[in-house]
Every structure is written in structure tokens, then in C-alpha cells.
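If you read the sequence from its start, that first residue is 1, and numbering goes on from there.
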Amino acid sequence: MTDFRFFRKRLTMHRVVVFISLFFILRDGIPQAHAESLEDLFDKERISGNVEQLEERLDELKERKIDINEAEPDALRELPWLNGGDVLAIIDYRRSKGRFASFRQLQDVIGREKALAVAPYIDFSGVKEPALAEKKVKAQAVVSGIYTGRILWDTTPRKGLFPTAKNPVSRYPGDEYKLYNRLQLNYDNYRISLVHDKDIGEPDAADFLSLSVSASDLGVVKTAVLGNYEINAGQGLLIGQSRFLSKGAEPSNSVRLASRRLTAYGSSSEYGFFQGAAATFDLDPLEVTAFYSANKVDARNSTGSITSIDESGYHRTMTERDRKDNVTETVYGASALYRFASGAVTGNVGGTWLRYDYGEPLQVLGDGQGSSALGSVEAGIGIGRLGLFGEAAWSERPEGSISWIAGAEYRLLPKVNLLLAVRDYAEGYYSPFAGAFAERGEGGSNEQGVYIGIDAALSKAVSVGAYHDRFRFPKLDTKDYPYPSSGHDSRLFFAWKQSRSVTWNLQMQHREKEVALRQCPDGSLACNDKEKIYAPLPKVTDRIRLDCDIDASRRITLRTRSEVKRVVKDFPAGDESYYGWLVYQQAGYKAGRFGLKGRFTMFNTDDYDAAIYVYEDDLPLVFNTTGFNGRGKAFFVLVSWDVTKNLKVGGKFETTWYDDREVYSSGDDQRNTSAPGTFHFGCSLKF
């Protein structure tokens, strides 16, 4: 009976969705070309990293655009909309037909939607004459910059901000608001980036400060950074601090790590970067990167050894403040990459070595060790329509294990791309800086898998995609259930541009994966805690999402979404099923310098495992993926105003009304309301 009620509700919601969508499909409207924005990308992809840093890099590319006629394949991969097949097609066009002279030619190669998405970040110039190049540099040698600031606070303060009879001093001694400031200055090939961040409840007004000074294209010096920076090598097994997205709407663009080898760090995330000095030297055809870092990090080390690194960045309670910067992470190393090109063959081979030291025993390394060395070799080769890539990495401790990943990209037809990747991550491999493609975590250890993905544009109006990832863990849980486990994850994508103003997107997912859970040996509920043992619990997840995007007029855009999710846990005593549904209606209005966007959401989920995650638009450099769990409604409104050409201001209010609870969250973050809300205000100034 419960299942029937659930599906009856779902059908009712579906009728509402279809009615709203058909109303705007049938009414007269002015068609508007749709360009896949960065927000659309995040909404379709599974975010796995610090995407704030990704948007910062794309903003930089707006000022220093990629020359589509001269860029190396690695540079083209920095544009997250391009998959391996697109990059191969661009390289092949340049080799066989010469230079791109117009946007239309690029559109014919990669499709209109992708060409529109990358258009702000590329140019077709390729100035080669020294006199013109010198003139261009002189014309750009002026000081410019951008300042971004914002403030956030809750409508109902958190419990930790107030003293109690038991704790006369509040556990969160700081203020009720969150502050963020970012200043970036540019002069010619030099850049300074300063970031300040303070979370709610933190007493230090300057809890986090990040500074980097960088230079680029100074003779043989390709890039140099002093301060905070990121390093990426190969496929992220050894070091991959810039893996942003995985397993998204473009299945042939999910595995390969696409990022610069060295880049300055300008994010508010308080972990996942180096602090010191680094430089990349272009000794064509050889590229060499050397780096040194001595960065203070938060760690849990009350037992005489470091049990874990605390990546949260919170310093509110006394315990959190005691962990702040209590361990120095020292890292040094070098990377070399050799590039080659011969006819239809282009590519690179290289290797990276580094050593890290925490100055204290690191529990995961064992034997009282606090340091280790890591090494890797990598390769990437393009042969016409075929692209090959791979990396193998070795860790000195704890067991001297090797992890590797290898893949192939193939452009089967002009608009059909395939990707096949095989990974084998050793159980004993460990790198604190890994950002590998994986089903569970990104550390590049204790996982094996085979991934295959395909995406195809069947016509200008219809595109499809799918992936299947089969994985195995040598140990399901290294502590509680040290035995093998396997599973698989599959997703299907379908997009239909019904007209110039109406687009439909469908996603379907099926995943089977085991989790280690304490259960009675006979599957009953009668035993006590001492009798319970850890056993693998099969968990099956099915999910369907349908979007309808409508350009109702030149000023008005609409999106309607409905999503249904089912989770089945296979207990020995019998299956337990949980269901969830969500529907929202979003509307956006843009008129001149004024912008307005609002969304109303209804949701109902039986259990936390059935929670539905949705990306929400926000202020610049803010990214929200909200998990809706329970029963209720939600609303947000986002307002933006371009005061002048260079000054933008914005504000957002969001709230959720829960029908199944009287308080929100728990512990020190508890808010004594069933309708928590948040205000955001921010501004951006270019000069």
C-alpha cells in the first residue's frame, strides 16, 4: 500500500510538470538560442572537487583566451565542455584543413551548443609577427583587477552561538555571519591573488588567508608561483589537486584529468593546495616543473600519531581551533614532460617524483613513519581519431604498491565519441594528494574497475549518452570487513531540442553497491550489540530525472524538473525499500542590467539514503548542491543588478519548510526552527 501511495503522488506531480511544460510549448514565444552555461554544466555533472577554482580559471581565460589555432591538446582540455573526441577533431581539422577562420567552422566540427559554450574563452587570432606581438603586449600592460565580496547569515542562529546553563561560554565564540573577500590584480604577465574567508562561529576575523603571486610566459619560464598553488600530473594518481567533475552528462569526458600542471591557488577551500614556490620551464620540446611546499594543515593527532587530516576548514569550537595548523606538511619534487609531434601522431610522455613529510608519525603509513616518496610515469598520445592516455604511480609506504589507470578515446563518427578506461588501484597505495577517477573516494587505492562511455549527437535536435562502470574493492572496509566486494553503476542520458525554445533532458541511473553494516548473524533483529557482526549489505539505487528548459521569450527562461528515486537494501531478514520524489519550477528574468531567478521545490523522501541532490544557482564563486531529505517545500530567489559595466551586486534568500521535524540539523549547528533560511549578499567590481 505504501508503494501505491508513493506512485500515485508521483503521477500527480508528473501531471503538474507536463501541464506547465505544455502550456509554454504551445504558447507563442520569441525563440532564443541556448548556450550551455557553467551553471548548466554543474547541474548535469557529479561535482567531485573544488569547482570554485574551476570558475576562477575560466574567468582568467576570458581575459587570456585560448588560441583555437595554436593551442596544445592539454590546453583545449581545460574547457570542461570539450571531450576527448572534440579535442581530437579540432587537432585533425587544423592538420588537414588549416586554421579555423570563424565561429561557424568550429561549430561544424564540435556542434553549435559546445561552440557557444566555449566561445567566451577562445579566439581565432594566432598573432605570430614579432612586431604585432610586441605591440599587443604593450597595449595590455596596464593594471587591472577584480574584487569579489560577500556576506552570509542564517535567519535562525545556530545553537553553538549561545551559552547554556551547562556551558556558560558559547561553543561558537565568533559572529553569526560568514565573510568572503577576494582581490585579484593583473599587470602584463603578472598576477596577485588574495583570498579571505571566515565561517559562521569562527572568532578570528581573518581565519583563512590565501596569497599567491604568479607570472607566466617570461621566456623559458612558462609559469611561476610564489605562495599558494596547485600541481597536477598525469591522471591524478600521484597528485591531482584540480579534479572538478566526474561521471556526468557527457560520458566520454569523465575519466581523463584535464588541468594545467601548475596554477596559482585562489579558492576559499582551506585544504587541497601547496604553499611555497613552484615553476614550470618550457625547454621545447621538454617541459620541467619543480616545486617546494611547507604548508600548515589541520590534523587529528591526539594519540601521538596523525590519524587523519581535517579538511573541513572549520575553527569554531575549542577542539577545532586546537587542530588548526598544528602540523607542517613539507613537500618537494619535480615533474618532466616531453612533447612530440610527427604527422598524425601527437602526444607526450613524462614522469613525476615527490617526497612528503609531516614531522610526526602518520597512522596510515605504519611503523611510526611520517614521510614517504611517490613516483609516477604518464603518457598521452593522439593518432588521428584515437587518443590514448595512462598513468602508473608507486608509493614507498605503506607497502610500496603500484596503482595504474589506462584509457582510450575514439571518435567513431563526426558526432559519436567512445571512451574506455581500466583502473587497478592497489590496496596498499597511498598518496595524500591524489585526485584519481574512482567510484569511492579519489585516493587511487583499494579499487579496480572498467569504465565505458559513449555520447552521440544523432541530429541537431537529439543527442544521447550512456556509461557503465563496473568496479571491485579488494577490501570493502579495511577495518570492519576486510573482504572483497563488487558492484556497478550505469547511467543513460537523452536530450531533445524540440524547438529553438524548448529542450528536454532525461537521465536514468541504476547502481548496485555493497556497504559494510553491523547485522545479526542470522539476519534477525533479536541479538545485542556484542553479538552483531559486520557484513556486506547490497544496496540498489534507481533514479530518473526529467528536465524541461524553455526560453519563453528573450527575457524569460523556465525550467521544470521532476525526479524519482528508489533505494532497496537487501537485509538477510528481508528487503527494505525507500522512495523519494522531488519536483521544482524555476523561472529566470533578464532585462538589461537586472536579473531575477526564483525556484520553488516540493520533495518527499522516506530515508536519508533516498535523499535527492540538486544544484542551486548562487552568487559568483558560490556553488551549492543541496540534498533534500525528509518532507517539505523549499524556495529561493536570486537577484542581480549590473550597477555599471564593471560593478555588479547580488542577493539571495533561500529557505526550506520541513513538515516532518521541529528543529533543523543537530549538535552545535542545530537551528530551533522547522524553516531554516539564509541571506546572501555580494558584489563584484572590475577595474
Residues two or more places apart in sequence or in another chain: which of them pass salt bridge (charged side-chain N to carboxylate O under 4.0 Å, His left out) with R599?
none
Any donor-acceptor pair under 3.5 Å linking the side chain of S305 with the backbone of L362?
no
Hey, could you give me each pair passing ring-ring contact (aromatic ring centres under 6.0 Å, His included) that has a residue in residues 625-644? Not counting sequence neighbours.
F603-F628
Within a strict 4.5 Å, meaning less than it, do heavy atoms of the V614 and L582 side chains meet?
yes
Inspect the contact between E427 and K475 and indicate whether a charged nitrogen and a carboxylate oxygen are less than 4.0 angstrom apart.
yes
Quick check for you: to the nearest 0.5 Å, what is the distance between N186 atom CG and R191 atom CZ?
4.0 Å
Heavy-atom closest contact (N604 atom, R631 atom, distance)
ND2-CD, 3.7 Å
Looking only at non-hydrogen atoms, find the nearest pair between R355 and S371 and report the distance.
NH1-OG, 3.8 Å
Please step through side chain to side chain donor-acceptor pair (under 3.5 Å) for the pair S684 and K648, ending with a clear verdict.
CA-CA 5 Å; S684 176; K648 299 180 180 181; over 6 Å; no
Under 3.5 Å, side chain of S170 to main-chain N/O of P163, donor-acceptor pair present?
no
Residue set satisfying ring-ring contact (aromatic ring centres under 6.0 Å, His included) with F274, at least two apart, ordered chain then number -> Y229, F433
Any residue meeting salt bridge (charged side-chain N to carboxylate O under 4.0 Å, His left out) with D367, in chain and number order, not counting sequence neighbours
none
Sub-4.5 Å side-chain heavy-atom contact between E514 and L537:
no
Passes salt bridge (charged side-chain N to carboxylate O under 4.0 Å, His left out), K324 versus D310? Steps please.
CA-CA 9 Å; K324 182 179 180 180; D310 190 345; over 6 Å; no
Pairing of K178 and D197 as salt bridge, 4.0 angstrom limit
yes
Please name all residues satisfying ring-ring contact (aromatic ring centres under 6.0 Å, His included) with Y664, sequence neighbours left out, ordered by chain then number.
Y658
Flag if over 12 foreign heavy atoms under 6.0 Å of OH, Y190:
no
Does T330 reach the side chain of Y292, with side-chain heavy atoms less than 4.5 Å apart?
yes
R545 and R561, any side-chain heavy atoms less than 4.5 Å apart:
yes
Counting C-beta onward and ignoring hydrogens, is there a side-chain heavy-atom pair between L211 and I192 closer than 4.5 Å?
yes
Listed partners of R661 passing salt bridge (charged side-chain N to carboxylate O under 4.0 Å, His left out), at least two apart
none
Sequence neighbours excluded, which residues qualify as ring-ring contact (aromatic ring centres under 6.0 Å, His included) partners of Y425?
none
If only atom types and distance count, is the side chain of S210 paired as donor or acceptor with the main-chain N or O of G266 below 3.5 Å?
no
All heavy atoms of T156 vs all of N672, minimum pair found to be CG2-N, 4.0 Å
When you measure from the side chain of N646 to the backbone N and O of F687, does any donor-acceptor pair fall under 3.5 Å?
no
Are any side-chain N or O atoms of Q369 and backbone N or O atoms of G366, one a donor and one an acceptor, separated by less than 3.5 Å?
no
Looking only at non-hydrogen atoms, find the nearest pair between G174 and L161 and report the distance.
O-CD2, 3.6 Å
For the residue pair R397 and Y430, would you count it as a cation-pi contact if the rule is NZ or CZ under 6.0 angstrom from the ring centre and within 45 degrees of the ring axis?
no
For N629 and A611, which heavy atoms make the closest approach, and how far apart are they?
CB-CB, 4.0 Å
Taking only residues two or more places apart in sequence or in another chain, which ones pass salt bridge (charged side-chain N to carboxylate O under 4.0 Å, His left out) with R150?
none
Does this structure show an ion pair linking D204 with R321, if we count only N-O contacts that are shorter than 4.0 Å?
no
By side-chain contact (heavy atoms from CB on, under 4.5 Å) - contacts of S193 (at least two apart):
E56, R182, V195, S212
If only atom types and distance count, is the side chain of K513 paired as donor or acceptor with the main-chain N or O of S485 below 3.5 Å?
no
Residues R57, E230: salt bridge by 4.0 Å N-O rule
yes
Heavy atoms only: give me the nearest S259-N232 pair and the separation to one decimal.
OG-ND2, 3.5 Å
Given Q275 and N228, is the side chain to side chain donor-acceptor pair (under 3.5 Å) satisfied, shown in steps?
CA-CA 4 Å; Q275 187 174 84; N228 293 349; 3.0 Å; yes
Just by distance, do the side chain of E202 and the backbone of H315 share a donor-acceptor pair under 3.5 Å?
yes
Any salt bridge linking D618 with K652? Criterion: basic side-chain nitrogen under 4.0 Å from a carboxylate oxygen.
yes
Please confirm whether the backbone N or O of R559 pairs with a side-chain atom of Q585, one donor and one acceptor, at under 3.5 Å?
yes
Could you walk me through whether T155 and F653 satisfy the side-chain contact (heavy atoms from CB on, under 4.5 Å) test, starting with their C-alpha distance in whole Å, then the side-chain angles of each, then the deciding distance to 0.1 Å, before giving a yes or no?
CA-CA 10 Å; T155 55; F653 171 71; 3.9 Å; yes
Please determine if D609 and K539 form a salt bridge, counting it only when a charged side-chain N lies under 4.0 Å from a carboxylate O.
yes
Basic-acidic side-chain contact under 4.0 Å: D668, K159:
no
Side-chain donor/acceptor of E447 to backbone N/O of R440, under 3.5 Å:
yes
Taken in chain and number order and not counting sequence neighbours, the residues that satisfy ring-ring contact (aromatic ring centres under 6.0 Å, His included) with F273 are Y265
Do K198 and Y177 meet the cation-pi criteria used here (NZ or CZ under 6.0 Å from the six-membered ring centre, within 45° of the axis)?
yes
Quick one: CD1 on I231 to CG on L262, what's the gap to the nearest 0.5 Å?
4.5 Å
Side-chain contact test, heavy atoms from C-beta onward, threshold under 4.5 Å: evaluate it for R171 versus M318 and give yes or no.
no
If you count the non-hydrogen atoms of other residues, nucleotides and ligands that lie under 6.0 Å from OH in Y608, is the total more than 12?
no
Partner set under side-chain contact (heavy atoms from CB on, under 4.5 Å) for A535, not counting sequence neighbours:
Q519
Working note: L638 + L619, criterion side-chain contact (heavy atoms from CB on, under 4.5 Å); need CA distance, chi angles, decisive distance, verdict.
CA-CA 8 Å; L638 177 64; L619 302 182; 3.8 Å; yes
pair L476-Y534: side-chain heavy atoms closer than 4.5 Å:
no
May I ask you to decide whether D617 forms a salt bridge with K597, counting only side-chain N to carboxylate O separations under 4.0 Å?
yes
List for me each residue that meets side-chain contact (heavy atoms from CB on, under 4.5 Å) alongside T678, sequence neighbours excluded, and say none if there are none.
L152, D154, E654, R671, H680
Taking the side chain from D298 and the backbone from D325, do they hold a donor-acceptor pair closer than 3.5 Å?
yes
Validation row: V331, F291 side chains within 4.5 angstrom (heavy atoms)
yes
